Student: 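Submitted below is the structure of interest, expressed as structure tokens.
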Amino acid sequence: MTAVKELLLSRIRDVADYPEPGVMFKDITPLLADPKAFAALTEALADIAVRSGATKIVGLEARGFILGAPVAVRAGLGFIPVRKAGKLPGATLSQAYDLEYGSAEIEVHAEDLSAGDRVLVIDDVLATGGTAEASLQLIRRAGAEVAGLAILMELGFLGGRQRLEPALAGAVLEALITV
């Protein structure tokens with residue numbers, strides 16, 4: 001796995017002072033543009049999905065869609081988008097959560113998850129863990145089981161893992177890279 005981590009890290013670009021001064025943004029677009037790196041990422045996440053016993057993949061808006069959909073195809077699983085409020089037609093379940101300044105809400109189609117589903121959540125970055133925590137709550141409210149959370153990159157200094165421990169309730173949290 002060390003070679004895969006090195007490949008992935010080599011394709012993640014640091015962008016200083018974005019989106020605001022003092023922030024070092026981790027840009028994954030060079031990784032996505034490199035077919036070898038993107039394939040290695042997809043394979044690594046699909047391996048986590050298989051090992052977790054997942055039956056469905058949830059991708060968190062928006063980069064979780066980019067990562068989660070090919071993982072679902074590779075692992076032979078269904079893919080479910082969790083979107084910002086107001087973006088899905090039809091009956092939805094929603095979950096509000098707090099941000100550093102304010103609040104937000106995510107939604108899933110009510111019929112897409114049910115009892116018997118084991119769901120692996122996929123996203124690009126784990127920062128403070130607010131969106132991921134809300135997605136775990138939403139999955140359980142839909143009657144499904146959380147198989148785990150798989151992340152390309154964990155920003156360890158922001159404490160997201162510690163925040164998620166209670167919400168994971170023993171489910172796996174795997175980050176391919178921790179910075």
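Nothing here was measured: the structure is a model prediction, and the numbers come from that model.
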Student: About how many Å separate CD of Q95 and CZ of R140, when rounded to the nearest 0.5 Å?
Tutor: 11.5 Å
Student: I'd like to check L152 versus V125 (side-chain heavy atoms, cut-off strictly below 4.5 Å). Are they in contact?
Tutor: no
Student: Can you sort out the partners of E61 under salt bridge (charged side-chain N to carboxylate O under 4.0 Å, His left out), two or more places apart, ordered by chain and number?
Tutor: R83
Student: Looking at side-chain heavy atoms only, is the closest gap between V146 and V121 below 4.5 Å?
Tutor: no
Student: Between the side chain of D117 and the main-chain N/O of S114, is any donor-acceptor distance below 3.5 Å?
Tutor: yes
Student: State, with a plain yes or no, whether a side-chain heavy atom of L164 is found less than 4.5 Å away from one of L126.
Tutor: yes
Student: Looking at residues at least two apart in the chain, or sitting in another chain, which of them share a salt bridge (charged side-chain N to carboxylate O under 4.0 Å, His left out) with D14?
Tutor: K26
Student: Find the distance between OG1 (T29) and CG (D34) and round it off to the nearest 0.5 Å.
Tutor: 11.5 Å
Student: So which pairs with a foot in residues 163-179 pass salt bridge (charged side-chain N to carboxylate O under 4.0 Å, His left out), sequence neighbours left out?
Tutor: R51-E174, E133-R163
Student: Whether the side chain of R63 engages the backbone of D124 through a donor-acceptor N/O pair (distance < 3.5 Å, no angle test) should be reported.
Tutor: no
Student: Please answer: with hydrophobic residues joined when any side-chain heavy atoms are less than 4.5 Å apart, are L158 and M153 in the same cluster?
Tutor: yes
Student: Would you call L32 and L67 a side-chain contact if the rule is heavy atoms closer than 4.5 Å?
Tutor: yes
Student: From F25 CZ over to I12 CD1, what is the distance, rounded to the nearest 0.5 angstrom?
Tutor: 10.5 Å
Student: Is the shortest heavy-atom distance from the side chain of F79 to the side chain of I122 under 4.5 Å?
Tutor: no
Student: Taking side chain as C-beta onward, heavy atoms only, is V58 less than 4.5 Å from L138?
Tutor: no
Student: If you group Ile, Leu, Val, Met, Phe, Trp and Tyr by side-chain heavy-atom gaps below 4.5 Å, do L176 and V172 land in one group?
Tutor: no
Student: Find out if a path of hydrophobic residues (ILVMFWY) with successive side-chain heavy-atom gaps under 4.5 Å connects F157 to V23.
Tutor: no
Student: Quick one: list whatever passes side chain to side chain donor-acceptor pair (under 3.5 Å) with T131, sequence neighbours left out.
Tutor: Y97
Student: Residues in side chain to side chain donor-acceptor pair (under 3.5 Å) with D112, at least two apart?
Tutor: none
Student: Between the side chain of R141 and the main-chain N/O of S94, is any donor-acceptor distance below 3.5 Å?
Tutor: yes
Student: Would you say the side chain of V119 lies within less than 4.5 Å of the side chain of I80, judging by non-hydrogen atoms?
Tutor: no
Student: Is there side-chain contact between I139 and V82, with heavy atoms separated by less than 4.5 Å?
Tutor: no
Student: What pairs with E154 under salt bridge (charged side-chain N to carboxylate O under 4.0 Å, His left out), at least two apart in sequence or on another chain?
Tutor: R161
Student: For G86, does its backbone N or O pair with a side-chain atom of E107 as donor and acceptor, under 3.5 Å?
Tutor: yes
Student: Looking at L8, L7, I28, which one forms a side chain to side chain contact (heavy atoms under 4.5 Å, CB included) with L41?
Tutor: L8
Student: Using atom types as modelled and distance alone, determine if a side-chain donor or acceptor of H109 lies under 3.5 Å from a backbone N or O of P81.
Tutor: no
